2 protein chains.
Amino acid sequence: MAIDVRTICLGLLSLGPATGYEIKKNFEEGPIGYFLEASFGAIYPALGRLTDEGLIECRIEAQDGKPDRKVYSLTDRGRAAFADALRVDPGPDRFRSEFLFLLLFAEHMPPDHLAHLIDERLRDYRARLKELERAPCRPGSLGIEFMRGHGIAVYRAIIQYLESNRHVLETRADRSVPAHAAE
Amino acid sequence: MAIDVRTICLGLLSLGPATGYEIKKNFEEGPIGYFLEASFGAIYPALGRLTDEGLIECRIEAQDGKPDRKVYSLTDRGRAAFADALRVDPGPDRFRSEFLFLLLFAEHMPPDHLAHLIDERLRDYRARLKELERAPCRPGSLGIEFMRGHGIAVYRAIIQYLESNRHVLETRADRSVPAHAAE
DNA sequence: AGAAACATGTAATCGGTTACATGATTAT
DNA sequence: ATAATCATGTAACCGATTACATGTTTCT
């Protein structure tokens, strides 16, 4: 078994007690979402199983209106289990991009659509970069800072590459319907 | 429906006829595997469905010993369907890394294990980079070249980041059992 | 002798996404 | 008013991975 949502929850809880909702936030804000993701539909059941197995325990905080907060924290057995999980050798890093898949066929796209596609992706990456770059008020752990730097380095590389090489695809798209051939 | 294996097969077949085996090779060699992946268990059924739907067709080449080669190619309807699929807006690019997840807990790792982890990952990235860098004999399509450049840019950024920042995690790992505290 | 490449396929299993269900409070 | 944030959970569905099944040829 590789690194699934259960292990991720275990890991994040080893950094401190948290609710399912807070765990989810980790993937949406901050550098962790740069290389990990999990949905509520995966997190809540994982937390349930982990509790059944005695690897985490849960303190319930009543709230008015909202559902009770369930703050989970690692048990000793959970700590041990996680120390164990830390020894697995990590699978390969993977970059997945539907965007690049589409660009594979840039030549068969209307030039304006192609340009729009690249513009949007660039906007997206610039936003992600800015998000990572704005330093956290309270600097997180060493690990988190390292992830942040990693993300920044990669996003910068991608933005730079896109900016300086888009013309390769775009001039070709023009040439596929060259002006002098439309006569 | 986003970009699933069926669409990927359709796209790769739009570049020329191929067998399931050849489609799979695309993900293992060459720049396409940099941002896409699919297993035989996904490709063969996808090819079957696509054939049933009349989007691709199959020419069977008998062979001795080996199973027959089934060379698939797009039909006109398939070409139209793919042109359609090209219009969807691509989901976000995602980078997933179990490796970075582990590094999140670098402080709780034996220093030699941490160093080994990073060494291995660096080796892996250098190999991938070399693989991308060795220019294809027959330069592929513009699109492929673009992907190649993208991968090279990203891998270089990651390697450089890892090389120049690993000490941040590693000196800390040392300090967790500092020499002067062991007295 | 053994591994790797060539070549296609099936089936069990599974992890996870998406959508649904509920509902108060606070910010725009 | 409307959207967003807070807060937890269930269930259907699904795509895909993994392992299995089979067998030859060629490279090391």
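Since this is a predicted model, take the numbers as computed values, not measurements. Naming convention: chains lettered A, B, ... in sequence-line order (proteins, then strands); numbering from 1 in each chain.
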I want to verify a distance call: between [options], whose nearest atom is closest to the [X] side chain?
| X | options | answer |
| --- | --- | --- |
| S39(B) | dT17(D), dA5(C), dT18(C) | dT17(D) |
| Y44(B) | dT10(C), dT5(D), dG16(C) | dT10(C) |
| D4(B) | dG9(D), dT8(D), dG15(D) | dG15(D) |
| P45(A) | dT10(D), dA7(C), dG16(C) | dT10(D) |
| K70(B) | dT10(D), dT10(C), dT8(C) | dT8(C) |

Strictly under 6.0 Å, is that where the ring centroids of F35(A) and F101(B) end up? no
Measure from [atom1] on [X] to [atom2] on [N] and round the result to the nearest Å.
| X | N | atom1 | atom2 | answer |
| --- | --- | --- | --- | --- |
| R69(B) | dA5(C) | CZ | C1' | 13 Å |
| N26(A) | dC6(D) | CG | P | 13 Å |
| R59(A) | dT8(D) | CZ | P | 12 Å |
| I8(B) | dA16(D) | CD1 | P | 7 Å |
| I43(A) | dA11(D) | CD1 | C1' | 17 Å |
| R49(B) | dG9(C) | CZ | C1' | 17 Å |
| D52(B) | dG9(C) | CG | P | 12 Å |
| I3(A) | dC14(C) | CD1 | P | 19 Å |

For the atom pair CG (L86(A)) and CG (L117(B)), what is the distance rounded to the nearest 0.5 Å? 9.0 Å
Taking the side chain as everything from C-beta on, heavy atoms only, tell me whether E131(B) gets closer than 4.5 Å to Y155(B). no
Please tell me which of A42(A) and D68(A) maps to the more 5' nucleotide of DNA chain D, matching each residue to the nucleotide holding its nearest heavy atom. D68(A)
Is the positively charged end of R128(B) above the ring of Y125(B), judged by distance under 6.0 angstrom from the centroid and angle within 45° of the axis? yes
Look at the side-chain N and O atoms of Y21(B) and state whether any lies under 4.0 Å from the OP1 or OP2 oxygen of dT8(C). no
Same apolar cluster (I L V M F W Y, side chains within < 4.5 Å links), Y21(A)/L50(A): no
Per nearest nucleotide of DNA chain C, the residue lying toward the 5' end, K25(B) or A38(A), is K25(B)
